[in-house]
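Structure, as structure tokens:
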Amino acid sequence: MIYKIENVPKLEGKIAIGGSKNAALSIVVGAILCKDIVILKNIPDITDIHDLIEILNYIHCRVTYQNFTLTIDARQIEYKDLRIQQIKKLRASYYFMGAFLSLFEKVEIYKPGGCNFGKRPIDIHLNGFEKMGAIINETENDVCMTCPNHLKSQQITLSFPSVGATINLILASILIKKTTVLRNVATEPEIVDFVQFLKAMGANIDGEGTKTIIIRKIKQLHGCSYTIMPDRIECGTYLIYGAALAKKLTLTNIISRQVRSLLSIFIEMGVDIDIKQDQITIYETKHLKPVKIVTGPFPSFPTDLQQIICPLLLKADGQSMIIDTIYSKRISHIEELKKLNANVKIVDNCMLISKSNDLKGNIVTCNDLRGGAGMLLACLMAKGKSYLMNTQWIERGYQNIIHNLKLLGASIERCDENEIL
Ligand code: UD1
């Protein structure tokens, strides 16, 4: 999929942020643990969700999706070998490991797909499952697990607060008839939302949002209706777009404290911004100061926003620096930015970004979801016409992005290859 993008005068308007992609992905898989009907509201209309629905259909869950509401009935769920191509399409498919261990005490599954930015191991997930009694047979492509002596509650300390491993180990523990304690867990808002959802289904869990989570036994889960939290990364993305391109941009349906690390950077840069609890307005700023950004686990600056803020830093009066301590190889946007005449380079593990007044349109590529969102911003900033290739990456995680940007006044269309040649 290709976008044709032209540099336009300042963007202006209002956008309502949708439901959180990463929270929704974990919650949708969590819903299959319940032998009752679960109604999930504010589910974003993105390809990752549609890919997940295909997997749910495959394991005989009955699913309907309409008006951002997903209804899941897992009463007829069946054990299936999950070495199917759909698993390779997205990262969050690894949640079927924890969910299947919980439901069936076994799983045969391909390793997950998703964005490719260097190694993305799942050893912390597997070490946790092993401690809980799983016998693991792992190859380069797949993982098979059985629990000959049943899944057991444990006290597990994660070697790093991995978001995926935290959720996967909660999924595996939820139906065990004894108390499980997970330490050094991730504290991201998506974990809190996931646990809140499990509680709405009757789970007995404490400590979400802190470094220790305790999962106590319950009789069974029951159906519920739950509304997914707003997407803090989508919110951060549009805030960055606004800081770079808007005369005035208002974002609604957000939780400002969840983007605090980005707002601190904006304040350091001198961005003109008006912050309310559930709404932020950003105004055009003439002079931006350079900054140093180091990504880290929540509440530090999220790795998911570093590629997107990179083009904004091209406007700052001096050299900025980004260090991604979570995914140091999340750098594929840098070579693409150079094609637009951006003054960017990599020295050791640092991305160095200098003022670039003369960005020029070109043919450039998305190599992953957030890198793609960054390249889209850079194309909007560049003078003249740009063609952005492989934009299916962007549509994995941003609903209605073309529609939203057009409402703000951007010139952006889908086009086909013939138009470029
Ligand atoms: C999730 C998000 C992703 C986000 C990332 C960090 C989903 C579907 N994806 O990814 O958008 O960028 O959190 O906020 O929610 N690690 C290991 N071994 C493991 C697991 C992780 O070494 O078993 C390392 C990773 O390589 C990385 C760090 O831990 O360096 C964080 O990874 P993790 O929090 O697990 O990210 P994901 O769950 O993959």
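Remember, it's 1-based here, ligands and their atoms both numbered in the order they're listed.
A salt bridge between Glu413 and Lys4 is absent, with no side-chain N of the basic residue lying under 4.0 Å from a carboxylate O of the acidic one.
When only non-hydrogen protein atoms are considered, atom 36 (O) of ligand 1 lies nearest to Tyr327 OH, 3.2 Å.
Checked by distance only, ligand 1 and Asn22 come closer than 3.5 Å through their nitrogen or oxygen atoms. Looking at Asp123 next to ligand 1, an N or O pair under 3.5 Å apart turns up. Between Ala165 and ligand 1, no pair of N/O atoms sits closer than 3.5 Å. Distances between N or O atoms of Ala92 and those of ligand 1 include no value under 3.5 Å. Between Gly164 and ligand 1, at least one N/O pair is under 3.5 Å apart. No N or O atom of Leu25 sits closer than 3.5 Å to an N or O atom of ligand 1. Polar contact check, Glu188 against ligand 1: no nitrogen or oxygen pair lies under 3.5 Å apart.
Partners of His50 by ring-ring contact (aromatic ring centres under 6.0 Å, His included), not counting sequence neighbours, listed by chain and number: Tyr65. In this structure Thr281 satisfies the side-chain hydrogen bond (donor to acceptor under 3.5 Å, both in side chains) test together with Thr250, sequence neighbours excluded.
Between the CD atom in Glu188 and the CD atom in Gln258 there is a gap of 11.0 Å [rounded to 0.5 Å]. To the nearest 0.5 Å, atoms CZ (Phe266) and CD1 (Ile240) are separated by 5.5 Å.
Using a 4.0 Å cut-off to heavy atoms of Phe160, the atoms of ligand 1 that qualify are 28 (C), 29 (O), 31 (C).
For atom 33 (P) of ligand 1, the nearest non-hydrogen atom from the set Ile233, Val163, Asn127, Leu158 comes from Val163.
Classified by interplanar angle (parallel below 30°, tilted 30° to 60°, perpendicular above 60°), the ring pair Tyr238/Tyr398 is perpendicular.
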